[in-house]
Amino acid sequence: MPPFVVGAYASLPQGRETQDNYYDLLGSQPWIDGIEIPFPGDLAESSDRVRMIGRLPKHWRNNTVTAIPGTIRHVWADPNFGLASPDGHGRRAALAFFEQLRDSLDDFVQRRGSQDVRFVEIHTAPTRIASRAAMAASLRDLSRLDWSGAKLVIEHCDKYIDGQQPEKGFLPIEDEIAICREAGIGLTVNWGRSVVEGRRAQAAVDHIAAAAEAGVLAGLMFSGAGPMETQYGYGWIDGHLPMNPDEPTSLMDAAAIESAMKAARVQDKPLAYLGAKVCVPEGASLQERVDYLAHIHDAARAERIGA
């Protein structure tokens with residue numbers, strides 16, 4: 001089974017001491033191989049990086065960094081912001097943002113004393129106006145930078161669809177697959193974001209299969225999604241719902257995870273990483289938070305055992 005990465009920041013409890021205890025509990029799980037670290041988030045300032053290094057178990061050697069929190073924050077402030085922006089100013093601003101990420105990553109790696117970040121997840125913003133040509137140009141620019149041994153990977157978000165309210169509204173996965181093949185990098189599919197786009201569980205399978213058939217599927221992250229309003233937000237929110245039955249309205253159940261894992265096996269080479277990122281009820285205990293993630297891991301593992 002590929003290294004299993006958890007997006008723990010989505011299920012993080014309140015309070016620094018409780019958060020530290022949560023990381024300790026996650027670190028004691030033999031099935032967790034790394035974490036998805038949000039940028040800016042836990043890498044924003046030197047003090048944040050020092051704190052994260054203290055929380056990160058030494059044996060977690062397969063961490064990733066996701067740029068989606070900072071990307072979305074910038075898109076909200078400037079709708080032209082993004083690596084795939086046809087607007088020159090917006091694209092340059094995005095490149096400057098990723099230079100900041102690169103610098104923070106370098107400092108993180110130096111302070112930690114080892115290179116334990118394998119991938120940096122980038123995204124094809126902005127909403128509605130994203131350009132395949134602009135994204136390809138940005139990747140050429142980013143490829144000239146030193147990423148401290150980490151590899152860039154495009155994480156697919158929902159594409160822009162006329163008449164449908166987007167959560168992200170970035171490039172179609174077909175364009176991202178073509179860009180990845182041209183640039184020689186991988187693509188990560190987030191189950192929930194593909195389902196938010198297609199409004200059905202099969203959309204995630206279709207996206208995974210398309211990337212696998214093209215030979216560019218690097219990662220597969222499991223977050224749930226569904227049509228109904230829940231404690232996690234409105235229907236079809238990119239809200240990282242737990243799997244069903246932990247969240248009964250989620251379309252992501254054990255059968256859906258099995259179908260996604262089978263679709264990924266279309267590709268000859270194995271996934272570079274697999275993972276889960278879910279929100280949890282506010283009052284969940286630390287063990288319950290871990291269990292929500294473990295249920296996804298166990299469903300994915302069960303499919304691999306039965307393969």
Side-chain angles (χ1 to χ4, degrees), residues 7 9-10 36 38-39 41 66-87 89-91 93-94 97-98 121-136 138-139 153-180 187-211 219-241 247 249-252 256 260 277-279:
Y9 71 95
E36 186 185 56
F39 183 82
T66 175
I68 195 63
T71 296
I72 290 301
R73 195 176 306 151
H74 280 289
V75 169
W76 286 342
D78 175 7
N80 287 319
F81 177 93
L83 293 174
S85 180
D87 176 82
H89 175 77
R91 193 172 79 84
F97 167 76
F98 277 94
E121 296 167 344
I122 66 176
H123 306 83
T124 58
T127 302
R128 188 179 64 81
I129 61 172
S131 159
R132 173 174 162 178
M135 186 66 193
S138 290
L139 272 175
V153 60
I154 293 177
E155 183 188 34
H156 178 65
C157 297
D158 62 292
K159 70 178 180 181
Y160 182 79
I161 300 173
D162 284 335
Q164 179 172 298
Q165 181 63 34
E167 283 291 277
K168 305 294 189 292
F170 297 165
L171 281 178
I173 197 165
E174 296 81 6
D175 285 351
E176 293 174 343
I177 288 172
I179 291 167
C180 286
L187 185 140
T188 290
V189 174
N190 178 296
W191 192 96
R193 287 174 176 154
S194 291
V195 171
V196 164
E197 175 185 315
R199 301 297 200 247
R200 59 194 183 98
Q202 184 62 33
V205 175
D206 292 345
H207 286 178
I208 293 163
L220 176 54
M221 292 291 292
F222 286 105
S223 293
M228 298 177 63
E229 182 176 351
T230 68
Q231 60 185 307
Y232 307 106
Y234 49 83
W236 298 125
I237 190 174
D238 181 14
H240 313 306
L241 272 61
E247 171 46 59
T249 70
S250 176
L251 298 183
M252 187 177 72
K277 176 168 60 180
V278 296
C279 292

Asks: Would you say the side chain of S138 lies within less than 4.5 Å of the side chain of R91, judging by non-hydrogen atoms?
Replies: yes
Asks: Between N80 and H89, is any pair of side-chain heavy atoms under 4.5 Å apart?
Replies: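 SC-SC contact between N80 and H89 ruled out.
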Asks: Supply the atom-to-atom distance M228 CE to S250 OG, rounded to the nearest 0.5 angstrom.
Replies: 12.0 Å
Asks: L187 versus I173: any side-chain heavy-atom pair under 4.5 Å?
Replies: yes
Asks: Check whether D158 reaches the backbone of K168 with its side chain - one donor and one acceptor, N or O, closer than 3.5 Å.
Replies: yes
Asks: Ignoring hydrogens and angles, tell me if any N or O in the side chain of E197 forms a donor-acceptor pair with the backbone of K159 under 3.5 Å.
Replies: yes
Asks: Give the intermediate values and the outcome of side-chain contact (heavy atoms from CB on, under 4.5 Å) for residues L251 and W191.
Replies: CA-CA 10 Å; L251 298 183; W191 192 96; 3.9 Å; yes
Asks: Using a distance-only test with no angle check, is there a side-chain donor-acceptor pair under 3.5 angstrom linking T124 and E176?
Replies: yes
Asks: Between CG of D78 and CZ of R73, what distance do you get to the nearest 0.5 Å?
Replies: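 If I round to the nearest 0.5 Å, the distance is 15.0 Å.
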Asks: Would you say that I154 contacts L171 through its side chain, given a criterion of any heavy-atom pair below 4.5 Å between the two side chains?
Replies: no
Asks: Would W236 and V195 satisfy side-chain contact (heavy atoms from CB on, under 4.5 Å), going step by step from the backbone distance to the final call?
Replies: CA-CA 8 Å; W236 298 125; V195 171; 3.8 Å; yes
Asks: Taking the side chain as every heavy atom from C-beta outward, state whether T71 and E121 have any pair of such atoms under 4.5 Å apart.
Replies: no
Asks: Drop me the distance from T249's OG1 to Q231's CD, to the nearest 0.5 angstrom.
Replies: 9.0 Å
Asks: Is the shortest side-chain heavy-atom distance between D238 and H240 below 4.5 Å?
Replies: yes
Asks: Between F81 and H74, how do the two ring planes meet: parallel, tilted or perpendicular, split at 30° and 60°?
Replies: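 Ring orientation, 0 to 90° scale: parallel.
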Asks: Taking the side chain as everything from C-beta on, heavy atoms only, tell me whether K277 gets closer than 4.5 Å to Y9.
Replies: yes
Asks: Flag the pair H123 / L83 as yes when at least one side-chain heavy-atom distance between them is below 4.5 Å, and no otherwise.
Replies: no
Asks: Kindly indicate, with the supporting measurements, whether the criterion side-chain contact (heavy atoms from CB on, under 4.5 Å) is fulfilled by M221 and T66.
Replies: CA-CA 12 Å; M221 292 291 292; T66 175; over 6 Å; no
